[in-house]
Protein chains: 2
Amino acid sequence: MFNYEHCCITMNKKQPTIEQHHFPWDHPRFRSWIAVARACQLMQQTLTRALADLDIKPPHLDILINLYRFEGISQQELARKLLVGRSNMSMLLPQLEKRGLIERRGDEKDKRVLRLSLTKSGRELTEQAMEIQTTLIGNSLDNEPIEECLIVAQSMERLIARLLKEETDLD
Amino acid sequence: MFNYEHCCITMNKKQPTIEQHHFPWDHPRFRSWIAVARACQLMQQTLTRALADLDIKPPHLDILINLYRFEGISQQELARKLLVGRSNMSMLLPQLEKRGLIERRGDEKDKRVLRLSLTKSGRELTEQAMEIQTTLIGNSLDNEPIEECLIVAQSMERLIARLLKEETDLD
DNA sequence: CTTTAAATGTTCAATTATGAACATTGCTGT
DNA sequence: ACAGCAATGTTCATAATTGAACATTTAAAG
């Protein structure tokens with residue numbers, strides 16, 4: 001990611017506009033996206049530190065929160081929600097199972113799928129971790145007007161829909 | 001990451017508001033942030049596919065673009081801009097050097113630092129890759145009003161400043 | 001009913017990122 | 001001048017993520 005502190009979005013108005021947007025970082029949308037990516041990366045690192053006491057990392061929390069919300073979800077569905085591969089779940093879930101945080105039970109109708117759920121201690125840990133994450137996000141964003149948060153959310157959701165659509169169009 | 005498609009941001013106004021924001025995903029700022037994270041992840045994956053022909057990945061492109069902009073930057077400065085550790089640069093840069101894309105030359109004044117620069121072929125590859133990335137971002141965001149992009153950018157930059165400040169406060 | 005195709009989960013090798021420990025070099029204060 | 005101390009880069013062990021190949025089970029097609 002980049003530092004664009006010293007880069008002008010709008011060029012000197014007295015100059016002809018022919019050379020505008022010559023470099024990527026002169027495009028407002030490009031710069032906007034870079035800021036998003038940097039913010040994400042930083043937030044991820046901060047969250048990693050904040051969760052260290054609970055001995056979990058952001059990927060584990062993502063899993064736990066989804067099991068919290070969607071009891072009985074399958075590994076495949078979980079992977080799709082998290083935008084990761086199935087193999088990733090096959091690596092991480094047994095760890096959480098060994099720690100007694102989750103349970104994997106075979107579906108009775110379809111012997112291929114494993115249904116996931118939180119154990120009691122898993123639910124407790126998830127609640128602590130969600131509290132930490134919510135506080136972090138709150139602290140980081142509570143200066144941002146709520147309307148701007150909504151604008152950001154809507155903008156991102158349109159982008160997500162767009163990229164997901166292209167992805168499925170490829171298959 | 002999560003799917004919140006079926007989750008109401010604003011609850012039924014006729015209900016008492018006591019139970020509002022009980023769960024993290026009921027917080028607008030939380031949901032807004034999740035959308036940002038998901039969008040980032042998807043964009044990263046899409047960019048990875050788009051760059052496959054050039055045989056580089058987003059981390060390499062981040063490096064190349066920074067060398068393109070900041071000729072003679074040191075590994076430490078580069079790592080700071082990219083928000084990664086120094087060791088990461090020690091792993092990736094020799095790869096790019098072996099491919100003849102970059103050069104590492106010891107600083108004459110300070111024998112600790114290595115000054116980085118692009119070779120001719122590195123610059124050409126970078127230009128191709130930047131074209132791909134710019135096009136992808138353009139295609140993904142050109143439906144978003146430019147004012148909203150600016151709102152997003154400013155919001156993210158405030159967030160970055162805030163997180164970076166907290167980080168340095170810890171040291 | 002049998003054969004194909006698709007879906008789910010696992011395993012494996014390869015890649016990337018991280019932090020700690022280390023060596024080298026430069027800087028500071030006494 | 002010199003004894004710490006900070007900065008830069010490397011190495012190593014560890015962990016996360018991916019995609020491909022695989023086995024099992026289910027669904028579809030003939």
Side-chain angles (χ1 to χ4, degrees), chain A residues 1 37 40-42 44-49 51-52 55-64 72-99 102-116 167-168 170-171, chain B residues 1 37 40-42 44-49 51-52 55-64 72-99 102-116 167-168 170-171:
Chain A
M1 305 312 148
C40 252
Q41 207 179 346
L42 259 177
Q44 188 91 342
Q45 292 171 358
T46 308
L47 180 60
T48 299
R49 268 172 299 194
L51 291 175
D55 200 30
I56 59 174
K57 295 187 182 171
H60 304 125
L61 179 54
D62 287 341
I63 292 173
L64 293 173
I73 194 177
S74 76
Q75 295 194 185
Q76 172 77 289
E77 293 165 336
L78 182 57
R80 252 197 296 267
K81 279 186 197 299
L82 299 182
L83 302 173
V84 299
R86 282 171 293 162
S87 56
N88 193 4
M89 295 298 98
S90 283
M91 310 282 267
L92 298 183
L93 292 173
Q95 297 177 9
L96 299 177
E97 194 178 24
K98 287 189 192 94
R99 284 178 60 181
I102 71 171
E103 274 179 346
R104 298 201 290 174
R105 192 176 303 117
D107 187 304
E108 300 185 349
K109 317 274 183 177
D110 189 336
K111 292 176 185 167
R112 290 172 301 181
V113 327
L114 292 177
R115 298 276 158 209
L116 308 172
E167 210 170 41
T168 56
L170 292 182
D171 307 333
Chain B
M1 304 310 150
C40 253
Q41 208 179 345
L42 260 177
Q44 188 90 344
Q45 292 171 0
T46 307
L47 180 61
T48 299
R49 272 184 305 244
L51 291 174
D55 199 32
I56 59 174
K57 294 186 181 170
H60 305 125
L61 180 54
D62 287 341
I63 292 172
L64 293 173
I73 194 177
S74 76
Q75 295 193 185
Q76 173 77 288
E77 293 165 336
L78 181 57
R80 252 199 294 268
K81 279 186 196 300
L82 300 181
L83 301 174
V84 299
R86 280 172 294 163
S87 56
N88 193 5
M89 295 299 96
S90 283
M91 310 280 268
L92 297 183
L93 291 174
Q95 296 177 10
L96 299 177
E97 194 178 24
K98 286 187 194 99
R99 285 179 59 181
I102 70 171
E103 274 180 346
R104 299 202 289 174
R105 192 175 304 116
D107 188 303
E108 300 186 349
K109 318 275 183 176
D110 188 337
K111 292 177 185 169
R112 292 171 300 181
V113 328
L114 291 177
R115 298 277 157 208
L116 308 171
E167 210 171 42
T168 56
L170 292 182
D171 307 332

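The structure presented is a predicted model; accordingly, all values stated were derived computationally and were not measured. Reckoned from all heavy atoms, side chains included, excluding hydrogens, waters and symmetry mates. Convention: sequence-line order gives letters A, B, ...; per-chain numbering from 1.
As rounded to whole Å, 18 Å separates atom C1' of D:dG9 from atom CZ of B:Arg105. Counting to the nearest Å, the P atom of D:dT10 and the CD atom of B:Gln76 are 11 Å from each other. Rounded to whole Å, the distance from NZ on A:Lys109 to P on D:dT24 is 25 Å. As a whole-Å value, the separation of B:Asp55 CG from C:dT15 P is 11 Å. In this structure, A:Asp62 atom CG and D:dT17 atom P are separated by 9 Å, rounded to whole Å. We find that CZ of B:Arg49 is positioned 12 Å from C1' of D:dT18, with the value rounded to whole Å.
Every residue meeting the side chain to side chain donor-acceptor pair (under 3.5 Å) condition with A:Glu103, not counting sequence neighbours, appears here in chain and number order: A:Arg105. The side chain to side chain donor-acceptor pair (under 3.5 Å) search around B:Glu97 returns B:Arg104, not counting sequence neighbours.
A:Gln95 comes within 4.0 angstrom of the backbone, heavy atoms only, and of no base. Among the atoms of the strands shown, base atoms are found under 4.0 Å from some heavy atom of A:Met91. Among the heavy atoms of the strands lying under 4.0 Å from B:Arg104 are primed sugar atoms or P, OP1, OP2 only; no base atom is included.
Listed pair B:Gln45 / D:dT18 meets the phosphate criterion, a side-chain N or O lying under 4.0 Å from OP1 or OP2. Taking 4.0 angstrom as the limit, A:Asn88 places none of its side-chain polar atoms (N or O) nearer than this to OP1 or OP2 of D:dA16. Look at A:Gln75 and you won't find any side-chain N or O under 4.0 angstrom from OP1 or OP2 of C:dT8.
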Determine, step by step, whether A:Asp55 and A:His60 satisfy the side-chain contact (heavy atoms from CB on, under 4.5 Å) criterion, reporting the C-alpha distance in whole Å, the side-chain angles of both residues, the deciding distance to 0.1 Å, and the verdict. CA-CA 10 Å; A:Asp55 200 30; A:His60 304 125; over 6 Å; no
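Under 3.5 Å, the side chain of A:Ser90 and the base of C:dG9 form no donor-acceptor pair of N or O atoms.
Between A:Val84 and A:Leu78, the closest side-chain pair of non-hydrogen atoms is not below 4.5 Å.
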